Amino acid sequence: MNNVRVRFAPSPTGWMHIGNTRTAVFNWLLAKKLGGEFMLRIDDTDAMRSKKEYEDAIRDVLLWLGLSWDKEARQSERKQRYDEVRDVLMKQGRIYACWESAEELEVMRKKLMSQGKPPIYDRGALRLSEEDIARYRAEGRRPHYRFKLNDGVIEWDDMVRGHIRYEAANLADPVIIREDGSYLYHLPSVIDDFDFGITHIVRGEDHVTNTAAQIQMFEALGGQAPQFAHLPLLTGKEGKLSKRLGSLGVRELRAEGIENMAICAFLAKLGTSEAIEPWKDLSALAQSLDFSKLGRSQPKFDEEELKLFNHKVVRQMSFAQVKDRLDTTEEFWEAIKGNLDTVQEAKIWSEVCFAQIVPIIEDTQVCAAAAENLDGYCGDDATYNEWINAIKTATGKKGKELFHPLRLALTGTDNGPELKVLLKFIGRQKAKLRLSGQNA
RNA sequence: GGUCCCAUCGUCUAAUGGUUAGGACAUCACCCUUUCACGGUGGUAAUAUGGGUUCGAAUCCCGUUGGGAUCACCA
């Protein structure tokens with residue numbers, strides 16, 4: 001184990017969705033690829049919106065996906081540490097009090113925008129006199145606090161976007177402490193990354209300007225910013241960053257029968273120049289991680305493609321991987337798995353073969369001939385072929401006219417694995433009853 | 001509006017000044033299967049747009065158009 005440490009830092013304010021999960025997957029894969037630690041950090045600084053059930057769901061989903069963590073922390077338990085840092089930075093003048101109300105700030109922003117100016121905070125609070133402040137206090141106002149950005153160029157080498165450069169003057173001093181004294185995301189995040197020795201941060205590109213501000217925070221703490229990788233954001237089919245994506249829950253996908261490996265591999269390879277294909281396991285997938293293979297434009301996430309891919313994943317799963325979820329034999333699994341979209345669908349064929357179904361008699365002549373000639377069938381190819389030929393001779397039917405009624409009578413449905421294979425499991429007895437129209 | 005990012009087959013992308021513009025997914029056709037499906041083989045399909053630079057541009061430069069991010073007392 002080296003000193004590489006990577007983290008996934010969700011805020012428990014909603015269910016795990018495809019965008020979240022992608023970030024988790026990349027961070028986890030990077031930790032494994034570099035042989036480092038993976039940390040789960042619950043960013044619950046927003047007490048109003050954070051919920052225990054969301055936090056539990058995050059853990060459930062990560063575990064189900066196979067993204068286990070070596071260490072964890074919760075921001076709501078580290079307030080003391082944040083206060084310490086706050087006091088130091090305040091003394092240094094990097095944190096300053098502001099007295100504008102949210103409404104006043106909103107008005108200022110709108111005014112600047114309408115003048116064609118960037119809606120950046122004007123640092124009015126820094127020009128306040130003692131009397132001004134005393135008056136605000138007397139009015140019953142409570143201050144919120146901002147982090148003061150130093151002028152100059154902020155730059156870093158991003159693992160996916162290359163060299164990035166921002167002029168600090170184009171950025172607004174971020175608010176880091178609310179009027180009620182609680183912390184906003186920026187500072188606790190940096191303090192934690194610093195304290196826990198986080199070496200790499202992978203997150204969405206919506207964070208790039210945050211990163212610029214946070215780099216100065218790392219420096220203010222006397223530390224050095226970790227390596228950053230900002231992933232292009234996923235978009236929906238229609239092009240826009242769809243709200244559906246935000247609501248596309250991993251739990252729902254799981255319930256639909258999408259495999260954890262399908263989700264991980266799909267998210268890890270979408271937007272890269274590599275083929276989306278099944279991987280043996282997560283560590284093999286981790287070894288394949290390469291940020292230089294990622295494009296810089298925003299890939300479209302299509303749920304249909306994920307489902308198609310899931311089929312491929314299911315098809316190459318061994319019996320050992322599914323036996324705990326299915327009550328069936330290896331022989332049966334191997335016979336039908338090529339035909340499944342989800343592992344759960346195996347149950348459908350299991351019922352068709354071993355339980356009772358209602359046959360559909362589409363062609364009485366074919367079914368009668370089939371029933372009459374079934375006695376010689378022994379479950380092998382040779383007697384199966386003899387049986388088919390006998391029906392063909394007796395009825396003069398062939399091809400679809402022959403097989404469609406047989407399939408309907410024997411399985412009660414018009415599609416599925418090869419009839420020859422299914423009949424082997426259905427057996428002569430059951431088949432005969434079904435062919436004569438009886439439930440069996 | 002300021003700042004930043006992006007633009008190649010339907011989709012994800014490769015081609016770091018000279019390629020018949022390549023691959024994967026989807027699609028279509030054919031083959032296999034005496035049916036559907038599964039599987040196999042092959043095909044169709046792209047450089048947003050206008051100017052430059054150059055012997056030569058998908059590639060470099062400028063403009064246009066289009067898309068996205070951010071500018072929260074969310075994270």
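Keep in mind that what you see is a predicted model, and the values were worked out from it rather than measured. Proteins come first, then strands; the chains are lettered A, B, ... in the order of their sequence lines, and each starts at number 1.
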Scan [X] against the nucleic acid and name what it touches under 4.0 Å (heavy atoms): base, sugar-phosphate only, or nothing.
X        : answer
A:Gln75  : nothing
A:Asn339 : base
A:Gly271 : sugar-phosphate
A:Leu308 : sugar-phosphate
A:Lys392 : base
A:Tyr166 : sugar-phosphate
A:Ile388 : base

Spacing of CG belonging to A:Leu187 relative to CD belonging to A:Gln214, to within rounding of 0.5 Å: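 A:Leu187 CG to A:Gln214 CD: 9.0 Å, rounded to 0.5 Å.
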[atom1] spacing across the pair [N] / [M], given as an integer number of angstrom:
N      : M      : atom1 : value
B:rA57 : B:rU19 : C1'   : 13 Å
B:rU54 : B:rC71 : P     : 44 Å
B:rU49 : B:rU44 : C1'   : 26 Å
B:rC32 : B:rG10 : P     : 32 Å
B:rG51 : B:rU59 : P     : 14 Å
B:rA37 : B:rU11 : P     : 27 Å
B:rA46 : B:rA58 : P     : 15 Å
B:rC60 : B:rG17 : C1'   : 8 Å

Checking only heavy atoms, does the side chain of A:Arg407 share a donor-acceptor pair with the base of B:rC36 at less than 3.5 Å?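 Flag set: donor-acceptor pair detected.
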Base of B:rA75 paired with side chain of A:Asp46 (donor-acceptor, under 3.5 Å):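 No.
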Closer than 4.0 Å, any side-chain N/O of [X] to the OP1 or OP2 of [N]?
X        : N      : answer
A:Arg109 : B:rA72 : yes
A:Ser297 : B:rC5  : no
A:Lys312 : B:rC25 : yes
A:Lys269 : B:rC12 : no
A:Arg161 : B:rA69 : no
A:Thr45  : B:rA75 : yes

Salt-bridge present ([X], [Y]; N to O < 4.0 Å):
X        : Y        : value
A:Lys307 : A:Glu303 : yes
A:Lys432 : A:Asp375 : yes
A:Lys424 : A:Glu331 : no

Rounded to whole angstrom units, what separation is found between the [atom1] atom of [X] and the [atom2] atom of [N]?
X        : N      : atom1 : atom2 : answer
A:Ile177 : B:rA72 : CD1   : C1'   : 16 Å
A:Leu233 : B:rA69 : CG    : C1'   : 7 Å
A:Phe301 : B:rU11 : CZ    : C1'   : 13 Å
A:Lys117 : B:rU3  : NZ    : C1'   : 16 Å
A:Leu112 : B:rA72 : CG    : P     : 10 Å
A:Phe8   : B:rA75 : CZ    : P     : 15 Å
A:Phe309 : B:rC25 : CZ    : P     : 11 Å
A:Leu422 : B:rC36 : CG    : P     : 15 Å

Both distances below 3.5 Å, Watson-Crick or wobble geometry, any strand: find the nucleotide opposite [N].
N      : result
B:rU47 : none
B:rU53 : none
B:rU16 : none
B:rA26 : none
B:rC4  : B:rG68

[X] has a side chain; which of [options] sits nearest to it?
X        : options                : answer
A:Asn415 : B:rC36, B:rU35, B:rU13 : B:rC36
A:His144 : B:rC73, B:rA75, B:rG2  : B:rC73
A:Leu270 : B:rA75, B:rC12, B:rU34 : B:rC12
A:Lys398 : B:rC73, B:rU34, B:rC6  : B:rU34
A:Phe403 : B:rA72, B:rG2, B:rU35  : B:rU35

Quick check against the 3.5 Å criterion: does [X] have a side-chain atom that pairs as donor or acceptor with the backbone of [Y]?
X        : Y        : value
A:Ser76  : A:Asp44  : no
A:Arg94  : A:Lys148 : yes
A:His311 : A:Leu340 : yes
A:Trp156 : A:Ile164 : no

By a strict heavy-atom criterion of less than 4.0 Å, which residues belonging to residues 198-220 of chain A are in contact with RNA chain B?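 RNA chain B contact set from residues 198-220 of chain A: A:Glu205, A:Asp206, A:His207, A:Thr209, A:Asn210.
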Parallel, tilted or perpendicular: which describes the rings of A:Tyr183 and A:Tyr82, with under 30° parallel and over 60° perpendicular?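 Aromatic pair A:Tyr183/A:Tyr82 classed perpendicular.
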With ring centroids as reference points, do A:His207 and A:Tyr185 lie under 6.0 angstrom apart?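 Judged by ring-centre distance (under 6.0 Å), A:His207 and A:Tyr185 do meet the cut-off.
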Please figure out whether A:Pro119 or A:Arg178 has its closest RNA chain B nucleotide nearer the 5' end.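 Counting from the 5' end, the first nearest nucleotide belongs to A:Pro119.
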Whichever of A:Pro417 and A:Gln115 has its nearest RNA chain B nucleotide further upstream toward 5':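 Comparing both residues, the 5'-ward one is A:Gln115.
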Taking side chain as C-beta onward, heavy atoms only, is A:Phe194 less than 4.5 Å from A:Val85?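 No; the side chains remain at least 4.5 Å from each other.
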